[in-house]
Structures are given as C-alpha cells and as structure tokens.
Amino acid sequence: MSTNLTIVSSNRSFGGWHKRYRHTSLALGCDMVFAIYLPPQAESGTKVPALYWLSGLTCTDENFMQKAGALRLAAELGMAIVCPDTSPRGEQVPGDPDGAWDFGHGAGFYVDATQEPWSRHYRMHDYVTRELPELIEATFPVSAKRAISGHSMGGHGAIVCALRNPGLYVSVSAFSPISNPMNCPWGQKALSRLLGADRATWKDWDATALMQTTKTRLPLLVDQGDADSFLAEQLKPEDLVQAAKAADYPLALRLQPGYDHSYYFVASFMEDHLRHAAAAF
C-alpha cells in the first residue's frame with residue numbers, strides 16, 4: 001500500500017472537512033497529492049460512500065474541489081468525494097518531450113502504460129482503481145461503496161474504469177468525456193506513446209470499444225455542452241452513443257445547449273451527477 005501519508009491542508013466546509021494529503025505511491029513510483037471531502041456524517045466515525053472524481057487535461061485535485069460547487073450537496077447527501085491528481089509528477093517522471101500541455105504531467109489519461117519510459121510511472125488506472133481506494137478505505141471512515149465520475153480526459157477515465165472493472169463501482173457518470181480516444185488527436189498521441197503502435201491494444205482503454213464487450217450494465221449519465229470547442233474533433237460523443245445502442249448499454253447522453261467545456265458547465269449540472277451516484281448508494 002501507499003506510504004508516508006502527510007496532510008497538506010485542511011479546511012472546514014459545509015460542516016465537513018476538505019483535506020489534501022501527500023503520499024508515496026507504489027503504483028506510480030512518485031509522491032502524489034489527493035484531496036478528500038469528508039461530510040459531517042463521517043465525524044462520528046460512520047463510514048460513508050465515496051464519489052471518485054477524475055479531472056481533465058492540465059488539472060489537479062484543486063480544480064474540482066474549488067470550482068464544481070459539489071461540497072454543499074455532498075454534505076447533505078452524506079457522501080465523501082475523493083479527487084486524485086491527473087498524472088504522476090516529479091523530476092523523475094518523464095513529461096512531454098516537446099513541452100506540450102496535452103501529454104505527460106497533468107495528462108496521464110488514466111491508463112497503465114506498457115512502453116518505456118512511461119511504464120514505470122504512468123499507471124494511473126492501477127492507482128485510481130486499486131491503490132487509492134485501498135488507502136482511502138483503510139485510513140478514513142469511507143466505505144467500499146464507490147461511484148466514479150470525471151470531466152474530459154477524466155470522463156474518459158471514469159467510463160473506462162467502470163467498464164473494465166465490473167462490480168468495483170455502483171455508479172458512473174461523465175462530463176464531456178473523450179469518448180473514442182483511438183480516433184481523436186489527444187487520444188492517439190497519448191495511447192501511441194503509453195501503449196505503443198499496435199492499435200489493437202488501445203481497445204482496452206477506449207470507452208467506445210469497451211462498450212461493445214463489457215459485462216457491466218451500470219447506467220451511464222453523460223452531459224455534453226453543444227458549444228464545446230472540442231466537441232467534433234476530440235470528444236466524439238456520437239461514437240459512444242452508437243456503441244451503446246449496438247450493445248444495448250444503458251446510456252443517457254444529454255446535449256446541453258450553449259454550454260462549453262469549462263467548470264461553469266460542470267458546476268451547472270453537478271447536482272444531477274451527485275444525485276445519480278447517491279441513488280446507487
């Protein structure tokens with residue numbers, strides 16, 4: 001399990017606590033920071049369910065916790081929220097060789113890399129689905145009832161985590177997910193480096209491809225803004241819809257008029273996603 005858990009900051013919020021911690025991740029081979037919101041119900045030691053939130057490109061745990069407006073309702077619902085970072089970081093962790101923002105630090109894509117030099121550190125799927133929940137549930141009054149959600153790259157990660165791990169989560173949802181990374185520039189850049197040139201191996205990390213083979217049938221809620229500048233080239237929700245129809249998968253995709261890719265959009269519909277998770281808890 002992870003080692004050397006130390007607190008970075010602590011803030012009272014809506015009767016509960018928002019806390020940030022640093023720890024040494026064995027899966028990623030570096031120090032990581034995560035945030036957790038513990039609702040008031042957890043103060044007595046009562047174990048509460050948890051929503052794991054995966055953020056998008058260039059983000060950290062702070063984007064969601066500060067901008068999504070989720071903590072008030074999480075307190076009301078008695079739900080913890082866990083926000084990991086989006087990738088491994090540190091001097092020993094390789095980033096984008098060209099210094100680009102869409103790969104490397106802040107852009108781990110929630111896959112387990114198989115190619116050097118990425119395979120030593122870029123194992124975000126293992127971290128999110130195994131190491132971090134083990135740490136959370138052993139350290140805090142948090143139960144094994146888990147929901148997962150995310151935005152953009154994190155929306156991709158949330159759907160992939162749920163589809164690859166039947167029974168691990170009771171709920172899944174996403175905002176503006178990268179729905180078909182095998183067929184968009186962001187995904188092709190990341191998957192070719194992290195997984196290699198054989199596109200057949202990419203299918204295990206592509207929500208649209210996984211939709212056709214998964215054994216899970218968790219109802220999936222997806223919100224997408226129709227004014228999102230990344231919609232046509234990068235996100236491709238229509239591919240996910242077609243795959244869900246072919247597989248008879250329970251997908252509800254809501255195209256929201258006038259909304260973009262920002263946290264203004266996420267905050268506008270966050271309540272629906274928290275209640276989606278709470279209904280499953």
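Computed from heavy atoms alone, side chains included, the values below leave out hydrogens, waters and symmetry copies.
Under the 4.5 Å side-chain heavy-atom criterion for grouping Ile, Leu, Val, Met, Phe, Trp and Tyr, I81 is not connected to Y110 through any hydrophobic cluster. F230 and L240 end up in the same hydrophobic cluster when Ile, Leu, Val, Met, Phe, Trp and Tyr side chains are linked at under 4.5 Å. Linking ILVMFWY side-chain heavy atoms closer than 4.5 Å, directly or via other members, places I7 and I36 in a single hydrophobic cluster. Connection of I178 to W101 is established within a shared hydrophobic cluster, with ILVMFWY side chains joined at heavy-atom distances below 4.5 Å, either directly or through further cluster members. In terms of hydrophobic clustering, with Ile, Leu, Val, Met, Phe, Trp and Tyr side chains grouped at heavy-atom distances under 4.5 Å, F64 and V222 are assigned to different clusters.
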Between S55 and T86, does the side-chain contact (heavy atoms from CB on, under 4.5 Å) criterion hold? Intermediate values first, please. CA-CA 6 Å; S55 296; T86 52; 3.8 Å; yes
Walk me through whether M182 and K236 qualify under side-chain contact (heavy atoms from CB on, under 4.5 Å). CA-CA 11 Å; M182 291 180 63; K236 300 184 180 296; over 6 Å; no
Dump the intermediate steps for side-chain hydrogen bond (donor to acceptor under 3.5 Å, both in side chains) on H125 and N165, then the final yes or no. CA-CA 11 Å; H125 183 81; N165 297 278; 3.3 Å; yes
Between W205 and H156, does the ring-ring contact (aromatic ring centres under 6.0 Å, His included) criterion hold? Intermediate values first, please. CA-CA 9 Å; W205 304 99; H156 141 76; 8.3 Å; no
Would D31 and R22 count as a salt bridge (charged side-chain N to carboxylate O under 4.0 Å, His left out) here? Give the steps. CA-CA 7 Å; D31 284 352; R22 179 177 288 108; 5.1 Å; no
Kindly indicate, with the supporting measurements, whether the criterion salt bridge (charged side-chain N to carboxylate O under 4.0 Å, His left out) is fulfilled by D248 and R217. CA-CA 9 Å; D248 195 26; R217 281 299 183 268; over 6 Å; no
Determine, stepwise, if the pair D223 / H273 fulfils side-chain hydrogen bond (donor to acceptor under 3.5 Å, both in side chains). CA-CA 9 Å; D223 274 309; H273 288 247; 2.7 Å; yes
Show the numbers, then the answer: is there a side-chain hydrogen bond (donor to acceptor under 3.5 Å, both in side chains) between D206 and N180? CA-CA 6 Å; D206 184 292; N180 194 187; 2.9 Å; yes
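At least one side-chain heavy atom of F281 sits under 4.5 Å from a side-chain heavy atom of V170. A 4.5 Å side-chain heavy-atom check between D239 and P237 finds every atom pair outside the cut-off. Looking only at side-chain heavy atoms (C-beta outward), R199 and Q188 come within less than 4.5 Å of each other. At least one side-chain heavy atom of Y249 sits less than 4.5 Å from a side-chain heavy atom of L220. R89 places none of its side-chain heavy atoms less than 4.5 Å from the side chain of C30. No side-chain heavy atom of Q115 sits under 4.5 Å from any side-chain heavy atom of R193. No side-chain heavy atom of V82 sits less than 4.5 Å from a side-chain heavy atom of L51. Between P39 and W17, every side-chain heavy-atom pair lies at or beyond the 4.5 Å cut-off.
Looking at T214, its side chain never comes within 3.5 Å of a backbone N or O of L210 through a donor-acceptor pair. Under the 3.5 Å distance criterion, the side-chain polar atoms of S152 are left unmatched by any main-chain donor or acceptor of G154. In this structure, the side chain of E131 engages the main chain of L26 through a donor-acceptor pair within 3.5 Å. At distances below 3.5 Å, not a single donor-acceptor pair connects side-chain atoms of D61 with backbone N or O atoms of D85. With hydrogens and angles ignored, the 3.5 Å screen pairs no side-chain donor or acceptor of T46 with any backbone N or O of A42. Remark: side-chain polar atoms of D226 are paired, donor with acceptor, to backbone N or O of G258 under 3.5 angstrom. Listed for the S171 side chain is no donor-acceptor partner under 3.5 Å among the backbone atoms of A147. A distance-only check finds a donor-acceptor pair linking the side chain of T208 to the backbone of S179 [under 3.5 Å]. Judged by distance alone, with hydrogens and angles left aside, the side-chain atoms of H121 form no donor-acceptor pair with the main-chain N or O of V93 at under 3.5 Å. Within the 3.5 Å criterion, the main-chain N or O of L255 finds no donor-acceptor partner in the side chain of Q224.
Salt bridge status for E137 with R146: present, with a side-chain N to carboxylate O gap under 4.0 Å. The pair R12-E43 counts as a salt bridge, with a side-chain nitrogen and a carboxylate oxygen less than 4.0 angstrom apart. Salt bridge status for R254 with D272: present, with a side-chain N to carboxylate O gap under 4.0 Å. Salt bridge present: E76 and R275 bring a charged side-chain N and a carboxylate O closer than 4.0 Å. Salt-bridge formation is not detected for the pair K189/D98: no Lys NZ or Arg NE/NH1/NH2 atom is positioned less than 4.0 Å from an Asp or Glu carboxylate oxygen.
Across all non-hydrogen atoms, the minimal contact from G56 to M153 is C-CE, 3.8 Å. Nearest heavy atom pair, residue C161 against residue L54, reads SG-CD1, 4.4 Å. Of all heavy-atom pairs between S173 and A158, the closest is O-CB, 3.9 Å. The heavy-atom pair separating G155 from P177 by the smallest distance is C-CB, 3.6 Å. The minimum heavy-atom distance linking V266 with A68 is given by the pair CG1-CB, 4.3 Å. In terms of heavy atoms, A75 sits closest to Y37 at CB-OH, 3.3 Å.
For the side-chain contact (heavy atoms from CB on, under 4.5 Å) with F34, the qualifying choice from T60, V8, L132 is L132, the only one to do so. Among the candidates L218, T129, I148, the single residue satisfying the side-chain contact (heavy atoms from CB on, under 4.5 Å) test with L168 is T129. Between F103 and the options W118, W186, F109, a ring-ring contact (aromatic ring centres under 6.0 Å, His included) holds for only W118.
Taking the ring centroids of F269 and F175, they lie at or beyond the 6.0 Å cut-off. Taking the six-membered ring for Trp and the full ring otherwise, the centers of Y127 and H23 sit less than 6.0 Å from each other. Aromatic pair H151/Y263: ring centres closer than 6.0 Å.
Note that CG of L77 and CD of Q41 are 8.5 Å apart. Values are rounded to the nearest 0.5 Å. Once rounded to the nearest 0.5 Å, the distance linking CG of L28 with CD of Q92 reads 10.5 Å. Taking CG of D260 as the start and CZ of F265 as the end, the distance is 8.5 Å to the nearest 0.5 Å. Rounding to the nearest 0.5 Å gives a distance of 9.0 Å between CG of L73 and CE of M270. With rounding to the nearest 0.5 angstrom, the CD1 atom of I159 is 12.0 Å from the OG1 atom of T216. One finds the OG atom of S176 at 6.0 Å from the CG atom of L235 (value rounded to the nearest 0.5 Å).
Within 6.0 Å of atom CD in E116, more than 12 heavy atoms from other residues, nucleotides or ligands are found, so the atom counts as buried in its surroundings.
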